[in-house]
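Step one of this worksheet: look at the structure below.
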Amino acid sequence: MRKNIVAGNWKMNKTLQEGVELATELRDLLSNVKPNCEVVIGVPFTHLVTVSALLHGSVIAVAAENCADKASGAYTGEVSAAMVKSTGAEYCIIGHSERRLYYGETYAILKEKTLLALNNGLKPIFCIGELKEEREAGCQNDVVKAQLEGSLFNLTEDEFTQIALAYEPVWAIGTGLTATSDQAQAMHAFIRQLIAEKYGQPTADNTSILYGGSCNAGNAKELFSKPDVDGGLIGGASLKSQEFKAIIDAF
Ligand code: 13P
């Protein structure tokens with residue numbers, strides 16, 4: 001059966017020294033604990049080597065927050081999936097709405113990034129979700145379907161089984177406007193149905209679908225109690241070790 005996952009996304013926060021401090025705190029908080037979920041932290045590229053080494057042998061896995069859509073070569077400033085993998089990171093967040101909105105990442109670009117991540121042995125955490133206007137217009141299902149079809153449904157079944165999805169309604173990110181657990185459940189069930197139609201029910205049942213968007217220690221338990229919510233992708237609340245630990249403890 002599918003795994004429950006609590007993943008942090010630090011975004012562009014924490015210097016290397018601050019990040020080391022936070023990762024160390026989290027490692028120590030979890031040192032005598034066997035969490036009922038997989039624990040991942042997504043950290044800036046500059047932190048990957050150090051934080052991966054620090055967490056080696058702990059229950060916490062490391063994710064990059066992005067990777068390039070090209071394999072290698074003259075792409076100044078980019079970081080390839082192979083480079084990410086070589087740091088010791090296991091996961092790669094792909095398609096975050098902030099990448100789509102602020103850096104022009106299209107379905108086609110995200111399709112390339114996903115393939116490169118998979119080909120380099122990284123597990124993608126692929127983000128999807130609608131804007132506020134799209135929810136208000138009632139077309140959130142169409143938006144999410146187009147995101148899946150545009151970037152992921154080219155994958156083989158074998159490849160798709162390596163993917164975790166994160167449903168992150170953009171209106172809920174960093175706003176305190178968490179989706180209700182019923183809204184999350186409805187969308188997660190819809191996503192799972194789309195996967196079942198494309199890849200069959202067993203693959204759909206094995207796909208972890210995380211919720212992201214103002215998920216915190218106060219609402220995680222309610223969200224995670226829903227049958228199709230398999231964990232969370234946590235922004236702000238992943239920057240405080242005690243609060244992130246409390247979200248992990250919601251499982
Ligand atoms: P917040 O938890 O800060 O709303 O961010 C969610 C998110 O974007 C995680 O990727």
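First listed ligand is number 1; within each ligand, the first listed atom is number 1.
In this structure, S214 counts as a contact residue of ligand 1, since one of its heavy atoms falls inside 4.0 Å of the ligand. For S238, the heavy-atom gap to ligand 1 stays at 4.0 angstrom or more.
Contacts of I173 with ligand 1, taken as heavy-atom pairs under 4.0 Å, involve both backbone and side chain.
Using a 4.0 Å cut-off to heavy atoms of G236, the atoms of ligand 1 that qualify are 1 (P), 2 (O), 3 (O). Of all the atoms in ligand 1, the ones that sit under 4.0 Å from a non-hydrogen atom of E168 are 6 (C), 7 (C), 8 (O), 9 (C), 10 (O). Near G213, meaning under 4.0 Å from one of its heavy atoms, ligand 1 places the atoms 4 (O), 6 (C). Near A172, meaning under 4.0 Å from one of its heavy atoms, ligand 1 places the atoms 4 (O). If you number the atoms of ligand 1 from 1 as listed, the ones under 4.0 Å from a heavy atom of H96 come out as 7 (C), 8 (O), 9 (C), 10 (O). Under a 4.0 Å criterion applied to the non-hydrogen atoms of K11, ligand 1 contributes the atoms 5 (O), 6 (C), 7 (C), 8 (O).
One finds no salt bridge joining E157 and K198 here, because no Lys/Arg side-chain nitrogen approaches an Asp/Glu carboxylate oxygen to under 4.0 Å. Salt-bridge annotation for K226 and D182: present, with a side-chain N of the basic residue lying under 4.0 Å from a carboxylate O of the acidic one. The pair K3-E38 counts as a salt bridge, with a side-chain nitrogen and a carboxylate oxygen less than 4.0 angstrom apart. Between K11 and E65 there is no salt bridge, since none of the side-chain N atoms of the basic residue sits less than 4.0 Å from a carboxylate O of the acidic one.
For G235, a nitrogen or oxygen atom sits less than 3.5 Å from a nitrogen or oxygen atom of ligand 1, counting backbone and side chain alike. For G174, a nitrogen or oxygen atom sits less than 3.5 Å from a nitrogen or oxygen atom of ligand 1, counting backbone and side chain alike.
One N or O on the side chain of K113 and one on the backbone of C67 form a donor-acceptor pair closer than 3.5 Å. Formation of a donor-acceptor pair under 3.5 Å by the E197 side chain with backbone atoms of L194 is not found in this model. No side-chain donor-acceptor contact under 3.5 Å links S151 to the backbone of L148.
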Worked verdict on F153 versus F160 for side-chain contact (heavy atoms from CB on, under 4.5 Å):
CA-CA 8 Å; F153 280 1; F160 193 84; 4.0 Å; yes
